[in-house]
> 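The structure's right below; bear with me while I get my questions together.
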Protein chains: 2
Amino acid sequence: MIHVVDDEEPLRDALAWLLRSRELDCRTHASGEEFLAWLARDRTGQAEPGAVLLDVRLGGISGTEVFDRMRAQALAPAWPVIYLTGHGDVPMAVEALKQGAFDFVEKPFNDNSLVDRLMAALAESRRRLAESAEAGRREERLAGLTAREREVLALVLEGCYNKVIADRLGIAMRTVEVYRARVFAKMGVRSAVELARLFGEREEP
Amino acid sequence: MIHVVDDEEPLRDALAWLLRSRELDCRTHASGEEFLAWLARDRTGQAEPGAVLLDVRLGGISGTEVFDRMRAQALAPAWPVIYLTGHGDVPMAVEALKQGAFDFVEKPFNDNSLVDRLMAALAESRRRLAESAEAGRREERLAGLTAREREVLALVLEGCYNKVIADRLGIAMRTVEVYRARVFAKMGVRSAVELARLFGEREEP
DNA sequence: GCGCCCATTGTGGATTTCCACAACGCCGAT
DNA sequence: ATCGGCGTTGTGGAAATCCACAATGGGCGC
């Protein structure tokens, strides 16, 4: 789903037509406020791949302000933003990209070029969603651990022997074994190596 | 060390003066060919933090071509490139950043702004060098493993028991223990967990 | 009060990991 | 021929890990 945010109705319609002719689903928004309100209301659609075509100069709040809010409020984080502008200059474009925009296109644009960029943005969206899903599953499993289990997890990830963990937590080695087994079961792993690889170089939260 | 690549001598001199007044070491190059030849000759300086100020329009090969060659030949990979241009447009700037340039600045530029960007580039350079040093150490240690030790490493990272590894490689379990111990020693770790974290989610090479 | 969850611990026994000390054969470089 | 490295293996014993089966006490929600 491509979201078009532009206050010029003829352009919105032309873009909608172009996207539909390329078999891309799209939804248009006449202002930044309208788009942000829609984002705040509909959170489920944000789990699907998508991208945003965002005009820099909007009637109400600017496109840049829309983007800043999306990021600040984690709205549709998996949807790359492509800026559209009829009056852009180099510093503006550079700053937009450095702030994390996916692309920056001047109007009038070449249809094929824009569609290519949108396809690239959708591919990026799918990548972000996959990454986010995995992180979500890991966080969900982590959330199921008790405080004590988390403590043991942290020490296991340091490579400590059960005996050392027991000493450090002031409990019996048998208890460490119990927690260790529970952590493995809840995290869906069969060994400390699998657990370590699940977290990679990240510290446990 | 900041490298200035520009065919206009007055600008090179002005930039050198500006950088020195801010206590930044710099070296100037009058053409892309000169800079590339210098890079090919002096590899040791590339282990120090640095950045490149690269004019887009050069007399011989273009700044863009210089950048492409730096990346293709892995020349000074730790040095971020900031493009300078007096005739840039939005698509050029966007493309440059999407190709991996660190920044893009139009002439005439604001002194303070340019220096800020260079400081940011030097910080990025230090980050890249640190990351590269760590990867280098890991690769160096990996290079010290025999073929057999690598095979055992791969299976250890899958979380296999020594007994399973022995079955799969058609050797005695005692032999697996020997290789395992050697892998740990050579990689500088004390446990399979430390080893797994060293590689994170990466597959062993 | 009852049930559930959490934290904790024990027994007994099996399996896995670790390693000092020892050894052999093959291959390539000197 | 000698040496060093690689791949391989054994003995014996200690330490670490794993877990079925069992249990206790405290806190919380119904």
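In what follows, chains carry the letters A, B, and so on, assigned in the order in which the sequence lines appear, proteins first and then strands, with residues in each chain numbered from 1. Only a predicted model underlies this, so the values are computations on that prediction, with no experimental measurement involved.
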> Is the CZ atom of B/R127 crowded by more than 12 outside heavy atoms at less than 6.0 Å?
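Enclosed: over 12 neighbouring heavy atoms sit under 6.0 Å from CZ of B/R127.
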
> Can you tell me the distance, in whole Å, between the CG atom of B/L169 and the P atom of D/dT8?
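Roughly 8 Å, once rounded to whole Å.
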
> Look at atom OH of B/Y161 and say whether more than 12 heavy atoms of other residues, nucleotides or ligands are closer to it than 6.0 Å.
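Not buried by this count: 12 neighbours or fewer within 6.0 Å.
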
> In whole Å, I'd like the distance from the CZ atom of B/R150 to the C1' atom of D/dG7.
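In whole Å, D/dG7 C1' lies 17 Å from B/R150 CZ.
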
> Measure from CZ on A/R148 to P on D/dG26 and round the result to the nearest Å.
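Spelled out: CZ on A/R148 to P on D/dG26 is 17 Å.
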
> Does the plane of the ring in A/F67 sit parallel, tilted or perpendicular to the ring in A/Y83? Use 30° and 60° as the thresholds.
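Because their plane-to-plane angle is over 60°, the rings of A/F67 and A/Y83 count as perpendicular.
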
> Is B/T146 close enough to D/dG5 that one of its side-chain N or O atoms is under 4.0 Å from OP1 or OP2 there?
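For D/dG5, OP1/OP2 do not have a side-chain N/O of B/T146 under 4.0 Å.
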
> For nucleotides 16-29 of chain C, give me one character per nucleotide, 5' to 3': B if any protein heavy atom sits under 4.0 Å from the base, S if the only such contacts are to the sugar-phosphate, - if neither.
SSBBBB--------

> Assess whether atom NZ of A/K163 is packed by more than 12 heavy atoms of other residues, nucleotides or ligands within 6.0 Å.
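Atom NZ in A/K163 is not packed in, count stays at 12 or less.
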
> How close or far is atom C1' of C/dT9 from atom CZ of A/R182, stated in whole angstroms?
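My rounded result for the distance is 12 Å.
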
> Is there a side-chain polar atom (N or O) of A/T175 under 4.0 Å from OP1 or OP2 of C/dT9?
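For C/dT9, OP1/OP2 do have a side-chain N/O of A/T175 under 4.0 Å.
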
> Without decimals, in angstroms, what is the distance between B/Y179 OH and D/dG5 P?
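These atoms are roughly 15 Å apart.
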
> Less than 3.5 Å apart, any donor N or O on the side chain of B/D111 or B/S113 sitting next to an acceptor on the other?
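Checked: B/D111/B/S113 side chains show no N/O donor-acceptor pair below 3.5 Å.
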
> I'd like to know if the side chain of B/E134 and the backbone of B/A130 have a donor-acceptor N/O pair within less than 3.5 Å.
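No, B/E134 side chain to B/A130 backbone: no donor-acceptor pair under 3.5 Å.
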
